[in-house]
Amino acid sequence: MKVVTRFAPSPTGHLHLGGARTAIFNWLFTRHHQGKFYLRIEDTDTLRSKQEYTDSILASMNWLGLDWDGEPVYQSERFDLYNQYVDRLLESGHAYWCSCSPEDVEKMREEARARGENPKYNGCCRDRGLRPSPGNPEKMVVRLRAPQTGITVLNDMVKGEIVFNNAELDDMVLRRPDGAPTYNMAVVVDDIEMGMTHVIRGDDHVPNTPKQILIYQALGAELPIFGHVPMILGPDKQKLSKRHGATAVIDYEKEGLLPEALVNYLTLLGWSHGNDEFFGLEDLVREFANGRLNPSPSAFDPEKLAWLNHEHMKTRSSQELAELVAPFIKALELPLPAPEKLLPLVEMLRERAQTLKDLAAAMKFMLIDAAQMEYDQKALEKTITPESRAHLAALRSLFDGLPEFDASGLHDALHGYVEGNGLKFKQVGPPLRVALVGALAGPDLCQVMSLLGKEQTLARLTKFQ
RNA sequence: GACCCCAUCGUCUAGCCGGCCCAGGACACCAGUCUUUCACAUUGGUAACAGGGGUUCAAAUCCCCUUGGGGUCGCCA
């Protein structure tokens with residue numbers, strides 16, 4: 001059997017982490033089985049759907065490296081199709097017209113609730129045999145004539161067998177008075193039409209599934225295999241929301257994450273393959289079917305994501321990182337050095353950064369001019385004394401006289417100065433670092449000076465005389 | 001309230017068709033090593049089978065109950 005899946009976002013916001021993960025699972029599953037992976041934009045809610053969000057979602061999919069087959073399908077363009085199916089149901093007697101108003105139905109629900117029952121529509125129009133008449137065609141909805149007894153069984157790929165009592169389900173609306181399909185109707189029609197073999201989605205859809213199965217059955221259509229993956233929770237184990245900070249894929253792109261790291265991390269949330277954790281995209285495609293989907297929800301941990309990103313950064317060449325970090329340097333409004341100047345900076349600093357944004361920020365002191373230097377106040381107080389100023393002045397003229405301004409020459413000069421004057425490195429190193437870097441921590445001093453260049457190094461030292 | 005799902009270290013998890021597990025890995029945390037500092041790296045450490053009943057020679061692993069967490073109950077998707 002050829003696998004066919006889809007990712008079906010509704011364009012009411014950017015692609016968020018939860019959506020991204022269901023997209024990833026579908027994509028991995030499909031690519032592993034060499035099937036077809038489609039994109040379907042669920043934009044039947046014309047009020048909340050926005051083109052800019054569709055664009056943003058597609059852009060995030062591209063960024064993540066998730067390609068899809070064919071052109072995206074827009075539900076808003078397929079109302080005629082949905083109506084054909086609704087009409088079929090009407091003709092076969094699996095659906096009926098209902099003239100109850102939303103208020104009427106709300107009242108029924110209240111009554112059911114008061115009785116301690118599942119709130120639902122009471123089926124009062126079921127056997128009235130209503131037909132739209134010229135007088136009030138627009139007021140009628142179409143409902144499914146759902147079985148009132150028996151059970152509906154969902155055989156889920158990740159959760160196993162889930163049994164629902166049909167008595168708990170009601171006659172759901174399939175078509176609104178304005179002719180628009182409801183969500184469950186549109187989804188089922190599209191999944192049938194598009195030949196879906198597997199429907200993998202968030203487990204917030206579990207309660208929808210028996211309703212959809214009922215529609216499949218009324219239509220006499222074959223069921224796809226369902227797989228409901230648990231939700232992603234915030235670090236506090238609560239439902240992930242804006243309250244938790246960055247929840248959209250685009251936020252992580254802006255934070256300087258590598259797309260393969262985000263994919264790797266999101267996949268690990270709910271999927272596992274023994275004790276293995278580091279996976280490239282190809283590894284995931286190859287191993288996905290050999291792993292295991294966890295039925296329990298998992299909490300999102302930004303720290304582990306950052307660690308994993310660092311691991312992925314290790315696999316990129318400095319050349320690649322230099323290209324990737326450039327936009328982040330610009331975003332920080334720092335001058336972008338020429339490629340041959342940028343490369344050694346990346347090499348010097350890459351181990352110290354967990355993200356591209358970190359890397360750009362770590363470069364700041366190397367990219368600005370002596371006049372723009374900012375100094376950590378505590379570091380200044382701790383290291384800059386009349387005595388250390390004298391050392392810095394001496395070093396300045398020592399370095400000035402160097403024939404070659406390279407790391408090894410600087411190293412020899414620096415250590416020669418320390419030893420020649422019977423000093424401890426601690427008396428010279430920290431003040432020198434503060435003068436050059438602006439803080440007490442940073443990369444190797446001699447490397448810093450050689451990359452800064454003679455002019456800039458001397459200018460920074462001059463400020464402390 | 002009704003229905004459904006879930007339950008191993010703080011977090012992600014291995015294990016879960018029972019014995020090799022007084023529970024393994026990773027992140028985080030703590031300590032040591034390395035180092036001119038910081039970081040990286042590396043070594044070691046703290047830390048969990050929610051509780052109670054069964055079944056069994058044997059249970060983290062199977063069953064039941066309790067508790068806790070989550071989801072859904074729209075003419076939204």
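All chains are named by letter (A, B, ...) in the order of the sequence lines, taking the proteins before the strands, and each is independently numbered beginning at 1.
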Partners passing salt bridge (Lys or Arg N to Asp or Glu O under 4.0 Å) against Lys426(A) (at least two apart in sequence or in another chain) | none
With respect to the side chain of Glu351(A), which nucleotide from G1(B), C75(B), C40(B) is positioned closest?
-> C40(B)
Who passes salt bridge (Lys or Arg N to Asp or Glu O under 4.0 Å) against Lys107(A), sequence neighbours left out?
-> none
What does the list of N/O pairs under 3.5 Å between the protein and nucleotides 9-13 of chain B look like, with a distance for each?
from   : atom 1 : to        : atom 2 : distance (Å)
C12(B) : OP1    : Lys237(A) : NZ     : 3.1
C12(B) : OP1    : Ala299(A) : N      : 2.9
C12(B) : O2'    : Leu268(A) : O      : 3.3
U13(B) : OP1    : Gly270(A) : N      : 2.7
U13(B) : O3'    : Ser272(A) : OG     : 3.2

Please, which pairs that meet salt bridge (Lys or Arg N to Asp or Glu O under 4.0 Å) have at least one residue in residues 143-158 of chain A, sequence neighbours excluded?
-> Asp127(A)-Arg145(A)
Nucleotides 17-22 of chain B: which of its N/O atoms have a protein N/O under 3.5 Å away?
none

Any-strand Watson-Crick or G-U partner of C49(B), both distances under 3.5 Å = none
Do Val249(A) and His14(A) come close enough that some side-chain heavy atom pair is under 4.5 Å?
-> no
Heavy-atom distance under 4.5 Å between the side chains of Leu367(A) and Ile329(A), does that happen here?
-> yes
For Phe7(A), the ring pair (Phe, Tyr, Trp, His ring centres under 6.0 Å) test, sequence neighbours excluded, returns none
Gln238(A) side chain reached by Leu233(A) side chain, heavy atoms, under 4.5 Å | no
Sequence-distant partners of His94(A), ring pair (Phe, Tyr, Trp, His ring centres under 6.0 Å), two or more places apart | none
For residues 152-191 of chain A, pull every pair meeting ring-ring contact (aromatic ring centres under 6.0 Å, His included), keeping only residues two or more places apart or in separate chains.
-> Tyr183(A)-His205(A)
Just checking Lys120(A): base, sugar-phosphate only, or nothing, at a heavy-atom cut-off of under 4.0 Å?
-> nothing
Proximity to RNA chain B (any heavy atom under 4.0 Å), residues of residues 141-159 of chain A only | Val141(A), Lys159(A)
Report the base-pairing partner of C17(B) (Watson-Crick or G-U wobble, both distances below 3.5 angstrom), or none.
-> none
Taking any strand in view, what nucleotide pairs with G44(B) in a Watson-Crick or G-U wobble way, both distances under 3.5 Å?
-> C30(B)
Would you call Lys304(A) and Glu277(A) a salt bridge, using N to O less than 4.0 angstrom?
-> yes
How is Gly442(A) classified with respect to the nucleic acid when contacts are heavy atoms under 4.0 Å: base, sugar-phosphate, or nothing?
-> base
Is Ser101(A) touching bases, backbone alone, or none of the nucleic acid, heavy atoms closer than 4.0 Å?
-> base
Just checking Pro119(A): base, sugar-phosphate only, or nothing, at a heavy-atom cut-off of under 4.0 Å?
-> base
Proximity to the side chain of Gln238(A) - top-ranked nucleotide from C3(B), C4(B), G69(B) = G69(B)
Of the candidate nucleotides A7(B), C4(B), A41(B), which contains the atom at the shortest distance from the side chain of Phe164(A)?
-> C4(B)
Taking any strand in view, what nucleotide pairs with U61(B) in a Watson-Crick or G-U wobble way, both distances under 3.5 Å?
-> none
Any-strand Watson-Crick or G-U partner of U72(B), both distances under 3.5 Å | A2(B)
Taking only nitrogen or oxygen atoms into account, show me every contact under 3.5 Å that the protein makes with nucleotides 62-66 of chain B, one pair per line with its distance.
none

Could you check if a side-chain atom of Leu461(A) sits within less than 4.5 angstrom of a side-chain atom of Phe399(A), using non-hydrogen atoms only?
-> yes
For Pro230(A), which contact category applies under a 4.0 Å heavy-atom criterion: base, sugar-phosphate, or nothing?
-> nothing
Classify the side chain of Asn208(A) versus the base of A77(B) as yes if they form a donor-acceptor pair under 3.5 Å and no if they do not.
-> yes
Nearest to side-chain heavy atoms of Asn118(A), which nucleotide of A77(B), C75(B), C73(B) = C73(B)
Mind running side-chain hydrogen bond (donor to acceptor under 3.5 Å, both in side chains) on Asn309(A) and His312(A) for me, showing each step along the way?
-> CA-CA 5 Å; Asn309(A) 193 64; His312(A) 279 274; over 6 Å; no
Selection residues 182-192 of chain A - residue pairs positive for salt bridge (Lys or Arg N to Asp or Glu O under 4.0 Å), sequence neighbours left out | Arg6(A)-Asp191(A), Arg40(A)-Asp190(A), Arg40(A)-Asp191(A), Arg78(A)-Asp190(A)
Hits for side chain to side chain donor-acceptor pair (under 3.5 Å) against Asp171(A), two or more places apart or cross-chain, chain-then-number order -> Tyr96(A), Arg126(A)
Just call it for Lys314(A): base, sugar-phosphate, or nothing, with non-hydrogen atoms closer than 4.0 Å on any strand.
-> sugar-phosphate
Should A7(B) form a Watson-Crick or G-U wobble pair with both distances under 3.5 Å, which nucleotide is its partner?
-> U67(B)
